[in-house]
There are 2 protein chains.
Amino acid sequence: MGEIRNAERTRKRILEAARKEFFEKGYTGARIEAIAVNADVKKQLIYHYFKGKEELLVAVLDQMTVELPEWTTQFPSDPVHTAEHRFQVNCQTRMDFLKFTVWEALEEQPQQNSRKKRRTEALQSYVDDMKSKQEAGLVPEDLDPELLTLAISALTTYPLIFGDVTKMVTGSEPTDPQFQEKWSKFLTKISARIFGKDDFMNE
Amino acid sequence: MGEIRNAERTRKRILEAARKEFFEKGYTGARIEAIAVNADVKKQLIYHYFKGKEELLVAVLDQMTVELPEWTTQFPSDPVHTAEHRFQVNCQTRMDFLKFTVWEALEEQPQQNSRKKRRTEALQSYVDDMKSKQEAGLVPEDLDPELLTLAISALTTYPLIFGDVTKMVTGSEPTDPQFQEKWSKFLTKISARIFGKDDFMNE
DNA sequence: AGTTATACTTGACAACTGTAAAGTTATAAC
DNA sequence: GTTATAACTTTACAGTTGTCAAGTATAACT
């Protein structure tokens, strides 16, 4: 009505609304109608820009991976700080995306092969990093690098994903910066113990 | 047709089919129709036994909590074995139920207050156990019992819930007994390090 | 000015889903 | 054996959801 036509802007608005909807409700739970309303667009217009629900999701995911900053793919030199670092990354780079990951694990989705490959590569790079640090003598010999990586994944995502558990156990919301700091320090502390740096246990 | 009428058996069949469906698909994802087919029953018959979808879920959940064995609510005396114990419990007491817990965390469900209360109590009992063990000198003073409990929750559920991550990182399925044993031992190992029992680090 | 490509709207529909209500058969009590 | 109750079936419906096809308005190009 009062707005001038603008294809690019409309497309972006749809994409943004779709991101929110998909990340909050998962694929099957997401409603095209809801996306349309949120983007202030007739829902049929979405089919003018995207072939369908699935392609829309793919578009959202593609844009996601383009946008993430470089520092997120770096590793700290000391394995003691690996967990803390990965936790910070998870906190910063859109927690809602993490939530979507969970749905991906549960729903039987249009398993994007390219997407699965990317995830595998990312995880494998964590394992490789851990292995190299073990060879450098920074990680105890008797701890399996793969299992360590899995453990770190667990510790750096679980409290954020299962906000209700975090709330029930600690009383804080996982979005609370105070909790995030406490958890960061905690991760460093137990990392120090696990990796055998007993001299790190100050503060 | 060839079957004799039997209310109790039919009810059980519906409940069993509902359990599978709910645990695998979540509340919104679960289909009454699918439950009916799986129970070999006309779907309208379900409404003869239960008021509706929600009550059916409640019935399933109620029966669940009745059925679980006592040993699952006990705690090992040594905190070093707490993680391992909780992991074993999670492995044994129907992994599909764990999956349902995840859906509960994501979906905005008919948040059964009684159910939430039970969960809170269970988690709080873990915290209390950890606290008492800290007071007994079995847990380092500088580690927050609440955060420790949260960490243990993460470590004992994450690999089971996110089977795809486990697969991508370790190459094994989380249902693989071999993996479960490896992870059990790993949990004990890092627990020993975290809790400062360096003498426990034999095999 | 007129053709055309593109942005957007309208109307419709077919599949699916939870649920109600009425109808039908078997079982058990009298 | 009649009857009441409970087990099961059939028919039906209203709401939702993804998608299509056809129409209209606007901007761009010739």
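All chains are named by letter (A, B, ...) in the order of the sequence lines, taking the proteins before the strands, and each is independently numbered beginning at 1. Values reported hereafter were calculated over all heavy atoms of this structure, with side chains retained and with hydrogens, waters and symmetry mates removed.
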Have a look at Leu45(A) and say if it touches a base, only the backbone sugar-phosphate, or nothing, with a 4.0 Å heavy-atom cut-off. base

Residues Gln178(B) and Ser172(B): side-chain donor-acceptor under 3.5 angstrom: no

From CD of Glu33(A) over to P of dG11(C), roughly how many Å is that when rounded to an integer? 15 Å

Please state how far atom NZ in Lys25(B) lies from atom C1' in dT17(C), giving the value in whole angstrom units. 14 Å

Under 4.0 Å between a side-chain nitrogen and a carboxylate oxygen: does that hold for Arg19(A) and Asp96(A)? yes

Base, sugar-phosphate or nothing for Ala36(B)? Non-hydrogen atoms, less than 4.0 Å. nothing

Report the distance from atom CG of Asn6(B) to atom C1' of dA7(D), rounded to the nearest whole Å. 10 Å

Would one find a side-chain N or O of Tyr49(B) under 4.0 angstrom from OP1 or OP2 of dA6(D)? no

In whole angstrom, give the distance that lies between atom CD1 of Ile46(B) and atom P of dA6(D). 20 Å

Whole angstrom value for the distance that separates P of dC8(D) from CZ of Arg11(B): 13 Å

Heavy-atom nearest nucleotide on DNA chain C for His48(A) versus Gln44(A): which residue maps closer to 5'? His48(A)

Between Gln88(B) and Ser184(B), do the side chains contain an N or O donor and an N or O acceptor separated by less than 3.5 Å? yes

Within a radius of less than 6.0 Å around CZ of Arg115(A), do more than 12 heavy atoms belonging to other residues, nucleotides or ligands occur? yes

Taking CD1 from Ile35(A) and P from dT17(D), how many angstroms apart are they, rounded to a whole number? 12 Å

Return the nucleotide paired to dC30(C): Watson-Crick means purine N1 to pyrimidine N3 with N6-O4 or O6-N4, wobble means G-U with N1-O2 and O6-N3, both under 3.5 Å. dG1(D)

Selection from dC8(C), dT19(C), dG11(C) that lies nearest to any side-chain heavy atom of Thr10(A): dC8(C)

Quick check on DNA chain D: between Lys43(B) and Glu8(B), whose nearest nucleotide comes earlier from the 5' end? Glu8(B)

Could you tell me how far apart Tyr47(B) (OH) and dC13(D) (C1') are, to the nearest whole angstrom? 13 Å

Look at the side-chain N and O atoms of Lys42(B) and state whether any lies under 4.0 Å from the OP1 or OP2 oxygen of dC8(D). no

With heavy atoms under 4.0 Å as the rule, sort Ala34(A) into base, sugar-phosphate or nothing. nothing

Below 4.0 angstrom from OP1 or OP2 of dC16(C), is there any side-chain N or O of Arg31(B)? no

For Lys185(B) and Glu181(B): C-alpha separation, side-chain torsions, deciding distance, then whether salt bridge (Lys or Arg N to Asp or Glu O under 4.0 Å) applies. CA-CA 6 Å; Lys185(B) 283 190 178 165; Glu181(B) 201 191 317; 3.6 Å; yes

dC8(C) P sits how many Å from Phe50(A) CZ, rounded? 12 Å

